[in-house]
J.: 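Just passing along the structure, written as structure tokens.
Letters A, B, ... mirror the listed sequences (proteins, then strands); counts begin at 1.
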Amino acid sequence: MRNFRVPLLITTPIYYANAAPHLGSAYTTIAADVLARHWRNQKRRVFSLTGTDEHGQKVADAAKQAGVDPQAFVDQQAKVFKTAFQGLNVGFDRFIRTTEPDHLKGVEFFLNQLKKAQTPKKRPAIYKGIYQGWYCQGCEKFLTEKELVEGKCPLHQTAPQYLTEENYFFRLSDYLPQIRKAISQNKLKIFPSTARQETLGYFKQGVQDFSISRQKVDWGVPLPFDKRQTAYVWVDALPNYLTGVGYGQGRRYRNWWRGEVVHFMARDILKFHAIYWPALLLAVGEPMPYTIVAHGFFTVEGKKMSKSLGNVILPKEAIAKFGVDGTRYLLLSACPFGQDGDLSMVRFLEKYNADLANGLGNLASRTTNMLERYLVGRVSLGQPPKPLLRANQHIENFDFFRALQEIWKTITWANQAIDKVQPWELAKKQDKTSQAKLKKFLSELAAQLLEIAKAIKPFMPEAGKRIEASLHAESIKKIPPLFIRAV
RNA sequence: CGCGGGAUGGAGCAGUAGCAGCUCGCCGGGCUCAUAAUCCGGAGGUCGGGGGUGCAAAUCCCCCUCCCGCAACCA
């Protein structure tokens with residue numbers, strides 16, 4: 001049983017600033033926002049955190065290509081992300097940037113703690129090691145095996161040199177047993193269970209120590225104990241979860257970091273969050289996060305989204321067509337949370353019209369219209385016949401898909417009830433029993449609609465508010481269309 | 001034997017042991033409060049293939065076929 005008085009820190013990854021926000025980042029961010037809104041509605045203390053990861057070679061490259069210096073470039077990118085998230089109606093408490101002075105200070109502190117740390121086996125957590133890899137002179141960076149095409153750099157068509165450089169390593173291996181135990185005992189919870197299994201699988205495959213610094217990357221945080229090297233971007237990025245709540249500036253970060261912590265992300269960075277990050281935290285003497293929530297990937301019409309295929313769906317296209325609420329709904333109802341999903345604009349359109357315009361929107365219309373016409377807008381709301389407790393439970397278990405299913409079952413139930421009772425027939429009759437029956441039914445229906453509005457509010461804040469406002473009015477009037485049918 | 005996910009009526013998907021469900025589409029009917037919305041009924045599936053365990057399997061075990069992600073520092 002969770003203690004709902006414990007403060008809750010909800011995070012998204014900080015998004016890498018070299019590219020524009022896409023549907024995947026929108027999905028993660030919306031999911032985190034839904035959870036945050038849900039808990040805020042329950043009056044729980046919540047701090048939600050998102051932001052941009054602005055260091056690293058790729059950002060430097062992107063800036064160079066744009067012909068501006070890195071700082072100017074990331075300033076611009078941060079704005080792009082902020083605007084995009086505002087456009088999705090996500091209300092974060094803080095948007096952190098890794099180039100902010102606060103963060104830099106926090107990371108330096110973090111790195112110093114790391115340098116001082118002893119592993120459980122009483123060895124220094126940080127040691128000097130040799131990093132080897134294929135270095136491309138043209139790119140001025142190490143390429144991964146995967147990036148090589150027939151042994152050559154795809155960009156410069158030259159064979160890279162096999163170079164070695166000395167940098168600092170983190171002795172991850174000494175922390176693995178403790179993390180593995182925490183995961184298998186569900187002290188460190190990973191949702192959904194498939195992601196948990198995947199993580200445990202990593203341990204079986206073996207996880208190696210990793211280097212925390214680079215010699216040849218200038219655009220980064222210099223190591224406080226060796227200024228010739230900069231921090232490996234992950235070691236710069238992950239601590240944002242701490243610095244975002246004030247780490248490095250006294251103890252106030254503990255207000256949040258000693259509470260419940262939930263990290264949202266896509267599965268591609270699960271390993272970093274479920275293994276590297278807990279280990280780093282153990283090393284610097286901080287508690288591990290409580291919960292890691294990883295979702296899957298989207299394909300579009302069966303294929304991986306890619307610019308070259310031209311099947312990329314941008315968040316703003318969806319918003320233009322289906323509105324903010326509509327987009328939030330369509331994304332979270334696209335597939336069970338945690339699984340991979342397939343999207344298409346055609347299906348979005350079908351679902352938007354079926355579920356939102358014809359379903360929720362129409363129910364709100366017919367209900368409020370009958371209240372206005374038959375009861376002159378006056379009704380005292382009773383208890384909803386179908387409370388939506390299970391929808392809330394699903395949200396708390398990060399199962400947004402099923403939460404929505406639950407709510408939509410109730411919408412169907414309400415539509416069926418209206419047709420069964422036929423309030424318009426009761427309204428024609430003037431006798432007392434019919435009038436009483438009518439009044440009772442409509443007050444229940446109104447209560448049910450209010451219940452639905454409350455339940456959808458975390459997902460669709462605007463629609464939820466509008467329905468609530470309409471039902472709380474002195475005299476209830478027919479609500480204007482919530483979702484205009486799209487074509 | 002690298003790791004993992006998937007294959008369910010025309011389309012898209014739920015469903016991890018107990019008479020196979022949902023949405024869209026299609027056919028027929030009802031209603032008129034409502035955003036040409038809504039409600040009822042119907043057609044349509046041997047749940048990728050084969051074998052096994054169970055009183056009972058889409059659901060557990062084994063084998064096979066086909067798809068898709070990820071694979072040591074890619075952030």
Side-chain angles (χ1 to χ4, degrees), chain A residues 13-19 53-59 98 131-133 142-147 167 169-170 172 194-195 197-202 204-212 214 217 220 232-238 267-272 276 296-299 301-304 333-336 338-344 346-347 349-351 353-374 401-402 405 408-409 411-412 414-427 442 445 478-486:
Chain A
I14 47 175
Y15 298 104
Y16 207 54
N18 69 329
D53 182 7
E54 306 186 347
H55 287 130
Q57 189 62 49
K58 287 201 174 179
V59 171
T98 55
Y131 178 87
Q132 328 186 348
F142 284 96
L143 301 175
T144 60
E145 297 272 343
K146 197 166 125 187
E147 285 174 312
N167 47 40
F169 277 71
F170 175 61
L172 177 64
T194 47
Q197 284 174 330
E198 203 172 318
T199 309
L200 289 169
Y202 289 136
K204 264 189 252 167
Q205 290 177 56
V207 186
Q208 307 304 313
D209 293 353
F210 61 95
S211 84
I212 61 153
R214 294 287 183 276
V217 178
Y232 172 49
V233 284
W234 275 106
V235 180
D236 174 7
L238 287 167
R267 255 211 310 280
D268 56 342
I269 54 176
L270 176 61
K271 191 175 177 180
F272 293 96
Y276 290 24
F297 300 108
F298 287 120
T299 51
E301 276 146 37
K303 286 174 187 143
K304 192 170 171 171
S333 66
C335 66
Q339 294 186 21
D340 292 350
D342 188 55
L343 309 177
S344 88
V346 174
R347 251 176 285 131
L349 180 68
E350 280 175 10
K351 210 163 161 51
N353 284 332
D355 295 358
L356 297 181
N358 301 349
L360 176 60
N362 184 52
L363 176 66
S365 271
R366 65 196 303 210
T367 301
T368 50
N369 183 56
M370 287 189 283
L371 289 165
E372 179 180 358
R373 276 178 63 164
Y374 302 150
F401 176 83
R402 253 165 276 278
Q405 272 191 336
W408 254 260
K409 270 188 211 163
I411 290 174
T412 300
N415 273 326
Q416 289 169 332
I418 294 170
D419 276 63
K420 204 169 145 198
V421 174
Q422 302 184 0
W424 50 91
E425 292 299 331
L426 294 173
L442 288 183
L445 184 63
K478 181 180 171 182
I479 195 169
L482 292 166
F483 303 98
I484 311 287
R485 285 177 65 81

J.: Looking at Asp53(A) and Lys58(A), does any basic side-chain N land under 4.0 Å from a carboxylate oxygen?
T.: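 Not counted as a salt bridge, because no side-chain N and carboxylate O are separated by less than 4.0 Å.
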
J.: Mind checking if Gly56(A) touches a base, just sugar-phosphate, or nothing, with heavy atoms under 4.0 Å?
T.: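 Nothing: the residue Gly56(A), judged by heavy atoms under 4.0 Å, touches no strand.
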
J.: If I pick the C1' atom on rG69(B) and the same atom on rC55(B), what distance separates them, to the nearest angstrom?
T.: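 One C1' to the other, the span is 41 Å.
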
J.: Which part of the nucleic acid does Asp340(A) contact within heavy-atom distance under 4.0 Å: base, sugar-phosphate only, or nothing?
T.: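 Contact class for Asp340(A): none.
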
J.: Assess the pair Phe210(A) and Tyr276(A): is the distance between their ring centroids shorter than 6.0 Å?
T.: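 They qualify: ring centres under 6.0 Å apart.
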
J.: Within the structure shown, what part of the strands sits under 4.0 Å from Ala237(A) by heavy-atom distance: base, sugar-phosphate, or nothing?
T.: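 Counting heavy atoms under 4.0 Å across all strands, no contact is made by Ala237(A).
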
J.: Ignoring the backbone of Lys478(A), work out which of rA34(B), rC31(B), rC39(B) is nearest its side chain.
T.: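 The answer is rA34(B).
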
J.: Any idea which of rA37(B), rC33(B), rC40(B) is nearest the Met370(A) side chain?
T.: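 Between rA37(B), rC33(B), rC40(B), the one nearest the side chain of Met370(A) would be rC33(B).
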
J.: Check this one for me: any side-chain N or O of Arg485(A) less than 4.0 Å away from OP1 or OP2 of rA36(B)?
T.: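 Arg485(A) to rA36(B) OP1/OP2: no side-chain N or O under 4.0 Å.
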
J.: Measure from OH on Tyr232(A) to C1' on rA72(B) and round the result to the nearest Å.
T.: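 In whole Å, rA72(B) C1' and Tyr232(A) OH are 9 Å from each other.
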
J.: Arg402(A) has a side chain; which of rA14(B), rC24(B), rC33(B) sits nearest to it?
T.: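 Of all the options, the side chain of Arg402(A) is nearest to rA14(B).
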
J.: Name the nucleic acid region contacted by Arg347(A), choosing base, sugar-phosphate or nothing; use a 4.0 angstrom heavy-atom cut-off, strictly under.
T.: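 Counting heavy atoms under 4.0 Å across all strands, the contact made by Arg347(A) is with sugar-phosphate only.
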
J.: Would you mind telling me which of rC73(B), rU35(B), rC33(B) lies closest to the side-chain atoms of Ala357(A)?
T.: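 Nearest to the side-chain atoms of Ala357(A), counting from C-beta on, is rU35(B).
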
J.: Counting only side-chain heavy atoms from C-beta out, which of rA14(B), rA37(B), rC33(B) sits nearest to Asn362(A)?
T.: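 The answer is rA37(B), which lies nearest to the side chain.
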
J.: Should Thr299(A) and Leu343(A) count as side-chain neighbours, where that means a heavy-atom distance under 4.5 Å?
T.: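 Not touching, per the 4.5 Å side-chain cut-off.
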
J.: For Gln422(A) and Glu198(A), take the nucleotide of RNA chain B holding the closest heavy atom to each; which residue's nucleotide lies nearer the 5' end?
T.: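 Here Glu198(A) is the residue nearer the 5' end.
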
J.: I need the CD-C1' distance between Glu350(A) and rG10(B), as an integer number of Å.
T.: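 For the pair Glu350(A) CD and rG10(B) C1', the rounded distance is 12 Å.
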
J.: Side chain of Thr412(A) only, please: which of rC24(B), rC39(B), rC73(B) is the nearest?
T.: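 Selected nucleotide: rC39(B).
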
J.: From C-beta outward on Arg214(A), which listed nucleotide comes closest to its side chain: rC73(B), rA14(B), rU38(B)?
T.: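 So the side chain of Arg214(A) is nearest to rC73(B).
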
J.: Below 4.0 angstrom from OP1 or OP2 of rA34(B), is there any side-chain N or O of Asn369(A)?
T.: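 Yes.
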
J.: Check the distance between rC39(B)'s P and Asp419(A)'s CG and give it to me in whole angstrom.
T.: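 Answer to the nearest Å: 7 Å.
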
J.: Do Val233(A) and Tyr16(A) make a side-chain contact, defined as non-hydrogen atoms from C-beta onward lying under 4.5 Å apart?
T.: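 Val233(A) vs Tyr16(A): side chains touch.
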
J.: So what does Asp53(A) hit on the nucleic acid, given a heavy-atom distance under 4.0 Å: a base, only sugar-phosphate, or nothing?
T.: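 Asp53(A): no heavy atom of the nucleic acid under 4.0 Å.
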
J.: Return the pairing partner of rU46(B) with a 3.5 Å limit on both distances, Watson-Crick or G-U wobble; otherwise return none.
T.: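 When the pairing criteria are applied, nothing turns out to pair with rU46(B), so the answer is none.
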
J.: So Tyr202(A), base contact, sugar-phosphate only, or nothing? Heavy-atom distance under 4.0 Å.
T.: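 No contact.
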
J.: Quick test of the criterion, 5.5 Å between centres and less than 30° between planes. Is Phe210(A) stacked on rC73(B) or not?
T.: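 One would not call Phe210(A) stacked on the rC73(B) base.
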
J.: At under 4.0 Å between heavy atoms, what does Arg267(A) touch on the DNA or RNA strands: base, sugar-phosphate, or nothing?
T.: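 No contact at all - Arg267(A) keeps every heavy atom at 4.0 Å or more from the nucleic acid.
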
J.: Looking for any heavy atom pair under 4.0 Å, which part of the strands does Asp342(A) touch: base, sugar-phosphate only, or nothing?
T.: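 Contact class for Asp342(A): sugar-phosphate only.
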
J.: Select base, sugar-phosphate, or nothing to describe what Tyr374(A) touches, counting heavy atoms under 4.0 Å on all strands.
T.: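 Touches sugar-phosphate only.
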
J.: Name the nucleic acid region contacted by Phe297(A), choosing base, sugar-phosphate or nothing; use a 4.0 angstrom heavy-atom cut-off, strictly under.
T.: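 Sugar-phosphate contact only - Phe297(A) comes under 4.0 Å of backbone atoms but never of a base.
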
J.: If you check every side-chain atom of Phe169(A), which of rC73(B), rC13(B), rC40(B) has the closest atom?
T.: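 Looking only at heavy atoms from C-beta outward on Phe169(A), the closest nucleotide is rC73(B).
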
J.: Could you work out which one of rA72(B), rC39(B), rC24(B) sits closest to the side chain of Gln208(A)?
T.: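 Nearest to the side-chain atoms of Gln208(A), counting from C-beta on, is rA72(B).
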
J.: Identify whether any heavy atom of Pro13(A) sits under 4.0 Å from a base atom; if not, whether one sits that close to sugar-phosphate; answer base, sugar-phosphate or nothing.
T.: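 Touches nothing.
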
J.: Heavy atoms from C-beta onward define the side chain here; which of rU23(B), rA37(B), rA34(B) lies closest to that of Ser365(A)?
T.: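 For Ser365(A), the side-chain atoms sit closest to rA34(B).
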
J.: Please work out whether the ring planes of Tyr131(A) and Phe142(A) are parallel, tilted or perpendicular, with thresholds of 30° and 60°.
T.: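 Tyr131(A) vs Phe142(A) ring planes: perpendicular.
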
J.: Name the orientation of the base relative to the sugar in rG54(B): syn if the glycosidic angle is within 90° of 0, else anti.
T.: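 With its glycosidic angle within 90° of zero, rG54(B) counts as syn.
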
J.: Select base, sugar-phosphate, or nothing to describe what Gln339(A) touches, counting heavy atoms under 4.0 Å on all strands.
T.: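 Sugar-phosphate only.
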
J.: Which nucleotide, in any strand shown, forms a Watson-Crick or G-U wobble pair with rC55(B), with both distances under 3.5 Å?
T.: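 The answer is rG18(B), by the H-bond criterion.
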
J.: Nearest heavy atom decides the nucleotide; on that basis, is Gly201(A) or Ile411(A) closer to the 5' end of RNA chain B?
T.: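 Its nearest nucleotide lies further toward 5', so the answer is Gly201(A).
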
J.: Contact class for Glu425(A) (heavy atom, under 4.0 Å): base, sugar-phosphate, or nothing?
T.: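 Sugar-phosphate only.
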
J.: At 4.0 Å (heavy atoms only), tell me whether Gln57(A) reaches a base, stays on the sugar-phosphate, or touches nothing.
T.: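 Since no nucleic acid heavy atom lies under 4.0 Å of Gln57(A), the category is nothing.
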
J.: Mind calculating the distance between CG (Asn358(A)) and C1' (rU23(B)) to the nearest angstrom?
T.: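 Rounded to whole Å, this separation is 12 Å.
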
J.: In Watson-Crick or G-U wobble terms, both distances under 3.5 Å, what is the partner of rG4(B)?
T.: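 Here rG4(B) is engaged in a pair, and the nucleotide opposite it is rC68(B).
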
J.: Give none if rG10(B) has no partner; otherwise give the nucleotide forming a Watson-Crick or G-U wobble pair with it, both distances under 3.5 Å.
T.: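 Per the H-bond distance test, rC24(B).
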
